[in-house]
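Report on the following structure.
Numbering of ligands and ligand atoms starts at 1, following listing order.
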Amino acid sequence: MAGDAILTVRGLVKRFAGLLATDNVDLDLRAGEIHALIGPNGAGKSTLIAQICGTLRPDAGSVRLRGESIDAMDAAARAARGIGRTFQIVRLIDDATVTQNLLVALHVRNGRIWQIFDGPGSRADLSREAAERLAAARLDGIAKARVADLSHGYRKQLELVIARAMKPAVLLLDEPMAGLGQAESTEMIRTLSALRAEVPMLLVEHDMDAVFNLADRISVLVYGRVIATGTVAEIRDNPEVRRAYLGEEDI
Ligand SMILES: Nc1ncnc2c1ncn2[C@@H]1O[C@H](COP(=O)(O)OP(=O)(O)O)[C@@H](O)[C@H]1O
Ligand SMILES: [Mg+2]
């Protein structure tokens with residue numbers, strides 16, 4: 001079912017006082033794709049992500065996951081249903097270790113915080129899974145480090161490992177490259193590219209190199225409105241997009 005829409009946004013509207021932050025947005029996230037969402041600062045990208053996650057209520061419109069409406073669900077229910085996300089501002093437990101942070105996520109995923117007895121999903125199983133996930137992400141060397149002591153790049157990597165561990169149906173990424181150095185960005189691009197086969201991603205990103213590298217499709221948001229959706233080539237050549245970005249980004 002490659003190419004089918006996993007996430008469907010239709011007619012989404014959000015007003016803040018006099019400001020139309022989301023202006024009748026339609027958006028599809030298809031199986032197997034990285035769909036980049038770009039646009040100038042204040043265009044409404046984070047607001048759109050928040051409405052998909054359920055942390056912000058739209059004034060109108062609908063969001064469907066695999067054809068099922070999730071409009072009535074709160075953020076926790078949507079996360080449990082498969083809406084995964086990473087935050088523009090990383091939210092980790094600073095005083096805990098890398099492994100402990102990941103274990104919290106695994107326990108939440110399994111819905112049993114107070115698992116005591118052995119058996120499938122036991123603490124030993126989850127510890128093993130945590131170790132495997134950290135090794136796969138090449139973070140095993142920092143497994144015992146306190147999160148407070150990590151570099152920004154490692155925090156971003158850990159955040160992604162945690163988001164993946166929740167086994168989401170879709171992943172919403174709000175500026176995963178923000179604040180990363182050149183080498184860290186390259187590493188993140190490689191990680192996200194490999195992740196495409198595992199989970200479709202809606203990628204909000206200002207780093208145009210990353211966007212052009214990664215995106216199967218791009219949607220351009222300006223003043224809350226999607227002014228264009230298309231392939232990298234189509235978006236690069238779109239005159240309205242070029243006008244909207246004049247003086248903003250060199251694309
Ligand atoms: N909670 C809020 N209350 C009022 N205005 C908001 C709120 N959140 C965002 N906005 C406004 O909505 C617009 C879109 O913001 P945002 O979604 O953060 O843009 P982006 O992520 O594209 O930079 C901006 O003008 C911003 O100031
Ligand atoms: Mg934002």
**Asked** Which ligand 1 atoms does Asn41 reach within 4.0 Å, using its non-hydrogen atoms?
**Response**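 With Asn41 as reference, the close atoms of ligand 1 come out as 23 (O).
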**Asked** Has the side chain of Arg196 got a donor or acceptor atom that lies under 3.5 Å from a matching backbone atom of Leu214?
**Response**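 At least one qualifying donor-acceptor pair exists.
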**Under 3.5 Å: N/O of Phe16 near N/O of ligand 1** =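 No, there is no polar N/O contact under 3.5 Å.
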**Asked** Do any nitrogen or oxygen atoms of Ala21 come within less than 3.5 Å of a nitrogen or oxygen of ligand 1?
**Response**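 N/O-N/O distance below 3.5 Å does not exist for this pair.
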**Item:** ligand 1 versus Leu19: contacting region, heavy-atom distance under 4.0 Å
**Value:**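 Only the side chain of Leu19 comes within reach of ligand 1.
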**Asked** Counting backbone and side chain alike, does Thr47 bring an N/O/S atom below 2.8 Å of the Mg ion (ligand 2)?
**Response**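 Of the N, O and S atoms in Thr47, none lies under 2.8 Å from the Mg ion (ligand 2), which means no.
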**Message:** Considering Leu20, Thr47, Leu37 one by one, which has a heavy atom nearer to atom 16 (P) of ligand 1 than any of the others?
**Reply:**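 Minimum heavy-atom distance to atom 16 (P) of ligand 1 goes to Thr47.
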**Message:** On a heavy-atom basis, I'd like to know which of Ser46, Ala17, Gly42 is closest to atom 14 (C) of ligand 1.
**Reply:**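 Shortest heavy-atom distance from atom 14 (C) of ligand 1: Gly42.
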**Request:** Would you list the pairs meeting salt bridge (Lys or Arg N to Asp or Glu O under 4.0 Å) in which at least one residue belongs to residues 33-55, sequence neighbours left out?
**Result:**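 Sorted pair list: Glu33-Arg217.
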**Asked** Are Leu106 and Val147 grouped together when hydrophobic residues (ILVMFWY) are joined by side-chain heavy atoms under 4.5 angstrom apart?
**Response**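 Yes, Leu106 connects to Val147 through the hydrophobic network.
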**Request:** Calculate, to the nearest 0.5 Å, the distance between atoms NE2 and CE belonging to His206 and Met208 respectively.
**Result:**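 Taking NE2 in His206 and CE in Met208, the distance rounds to 8.0 Å.
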**Prompt:** Is there a side-chain contact between Leu7 and Ile83, using heavy atoms and a 4.5 Å cut-off?
**Reply:**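 Counting from C-beta outward, Leu7 and Ile83 do come under 4.5 Å.
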**Prompt:** Hey, is Gly44 one of the residues with a heavy atom under 4.0 angstrom from ligand 1?
**Reply:**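 Contact present.
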**salt bridge (Lys or Arg N to Asp or Glu O under 4.0 Å) assessment of Arg243 paired with Glu240** = CA-CA 5 Å; Arg243 262 199 306 280; Glu240 203 184 345; 5.6 Å; no
